Number of protein chains: 2
Amino acid sequence: MTTKQTSDVIDVPADFAGIPKLDDQICFALYSASGLMTKLYRPLLEPLGLTYPQYLAMMALWEQAPRTVGGLGEALGLDSATLTPLLKRLEAGGFLTRRRDAADERRVLLELTAKGQALREPAKGVAVQILCQFPRLSAAELDGLHHILAKLIAGLRETDVEAPAD
Amino acid sequence: MTTKQTSDVIDVPADFAGIPKLDDQICFALYSASGLMTKLYRPLLEPLGLTYPQYLAMMALWEQAPRTVGGLGEALGLDSATLTPLLKRLEAGGFLTRRRDAADERRVLLELTAKGQALREPAKGVAVQILCQFPRLSAAELDGLHHILAKLIAGLRETDVEAPAD
DNA sequence: TCCATTTAAATCGTGCACGATTATTTAGTA
DNA sequence: TACTAAATAATCGTGCACGATTTAAATGGA
């Protein structure tokens, strides 16, 4: 509390100087919610042998396969530095295969194995259980949350693409 | 392939079986938004010598110090396995000190150094710049987002505390 | 007093995440 | 054809995150 009026320390409208934490709390809320969500998934995904990021990768491949590492990375917002080791673990687990594209040896094609395909059904159960365990937010609230997040993400992606050329 | 009507594979209402991705997209949206947000902070925090989690720790200490590692962990939702190395880096950077509490040698007290205190003002500038770079969401939307996230987090924390005794 | 229990941090092992760099292949062009 | 430039993954180094375990200190009885 007791945030004083140090309105001349930085050259911004006094309105902002007095509330230096509110925006951070939205960021912190996103950070916290994301972490807690991952924790919620952990015990459900563990029996399947997946972590949450691995589950995301599998979902992307259930939607479309084969895909390249780059294509998957674009879908998930991750780069090869993160994906390559993750995909190697999924390959070691027998969920997918990685092979160079014969038509373009720079690309690596990801393909699901039978085991990877088979995981799709139990994964649906996970999604349902998450829904059930979900804190009591109304469908309208969930919808609103999803809608605003989509807008936020679109804006953040723009900034992420344009600003680095600063 | 070709997801058929296997409505008896899992014992849930058929309504859910058909929409196995919607809830995940909220989770994925949280995950993505959180990551993009951290990326937005990075170039602003780098000149200060902080990462985003370190910035969160400093914010908690600007609000209240001295604090114990456990107290900080409760505020941030992190445990000592994450905090101990992070705090050692902040100590190595000269931002804070760690010392055993003489009254209870189990506890470690965190105290800001002059350098750590001094960082508070430029950190306010970071918060302002984040607000400015922020994608065009109305104040009402930001408010709504924050409100729903708070509700979500409260529910997730409950689940996180109660469910593990399963 | 002594000892089991609880509490608090630190440590260990695994896995994610990213900026920066490197290696290889393809494409474009003089 | 040769030679640069662009594209694609992989690699490297640093730092976060968490479950599980370990170490040490405080607490609460018999």
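Predicted model, so just to flag it, every value in this text is computed and none were measured. In what follows, chains are A, B, ... by sequence order, proteins preceding strands, each numbered from 1.
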J.: Within the structure shown, what part of the strands sits under 4.0 Å from A:T38 by heavy-atom distance: base, sugar-phosphate, or nothing?
T.: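 Result for A:T38 = nothing.
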J.: For B:L87 and C:dT11, what is the distance between atoms CG and P respectively, to the nearest whole Å?
T.: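 Taking atom P of C:dT11 as the reference, CG of B:L87 is at 12 Å.
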J.: Return the value, rounded to whole Å, for the distance between atom CD of A:Q54 and atom C1' of C:dT14.
T.: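 Roughly 11 Å, once rounded to whole Å.
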J.: Any base atoms under 4.0 Å from B:L78, or only sugar-phosphate, or nothing? Heavy atoms, all strands.
T.: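 Sugar-phosphate: the residue B:L78, judged by heavy atoms under 4.0 Å, touches backbone atoms but no base.
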J.: Need one value for A:T82: base, sugar-phosphate or nothing, where a base atom within 4.0 Å counts as base even if backbone is also close, heavy atoms only.
T.: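 A:T82: base contact, heavy atoms under 4.0 Å.
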J.: Please tell me if B:R100 has a side-chain N or O lying less than 4.0 Å from either OP1 or OP2 of C:dA8.
T.: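 False: B:R100 side-chain N/O out of range (4.0 Å or more) of C:dA8 OP1/OP2.
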J.: Is the distance from OP1 or OP2 of D:dA26 to the nearest side-chain N or O of B:R107 less than 4.0 Å?
T.: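 No, outside the criterion.
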J.: Taking only N and O in the side chain of B:T68, is any of them less than 4.0 Å away from OP1 or OP2 of C:dA9?
T.: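 Yes.
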J.: Given atom CD of B:E91 and atom C1' of C:dA10, what is their separation to the nearest angstrom?
T.: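 My rounded result for the distance is 14 Å.
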J.: Write down the distance between CG (A:L86) and P (D:dA10), rounded to a whole number of angstrom.
T.: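 That distance rounds to 12 Å.
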J.: Indicate whether OP1 or OP2 belonging to D:dT11 is found under 4.0 Å from a side-chain N or O atom of A:K88.
T.: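 Yes, such a contact exists.
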J.: Can you tell me if the side-chain N/O atoms of B:S80 get under 4.0 Å from OP1 or OP2 in C:dA9?
T.: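 Answer no for this pair, as no side-chain N or O of B:S80 is under 4.0 Å from OP1 or OP2.
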J.: Give the rounded distance in Å between these two atoms: CZ of A:R42 and C1' of C:dT14.
T.: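 Rounded to the whole Å, the gap is 11 Å.
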J.: Expressed as a whole number of angstroms, how long is the span from B:R106:CZ to D:dT23:C1'?
T.: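 My rounded result for the distance is 13 Å.
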J.: Heavy atoms under 4.0 Å, any strand shown: does A:T51 hit a base, just sugar-phosphate, or nothing?
T.: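 Counting heavy atoms under 4.0 Å across all strands, the contact made by A:T51 is with sugar-phosphate only.
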J.: Is the phosphate of C:dA17 approached by B:Y52 (side-chain N or O, under 4.0 Å from OP1 or OP2)?
T.: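 B:Y52 to C:dA17 OP1/OP2: no side-chain N or O under 4.0 Å.
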J.: Atom CG of A:L83 and atom C1' of D:dC12: how far apart are they, to the nearest Å?
T.: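 Computing the A:L83:CG to D:dC12:C1' distance gives 17 Å.
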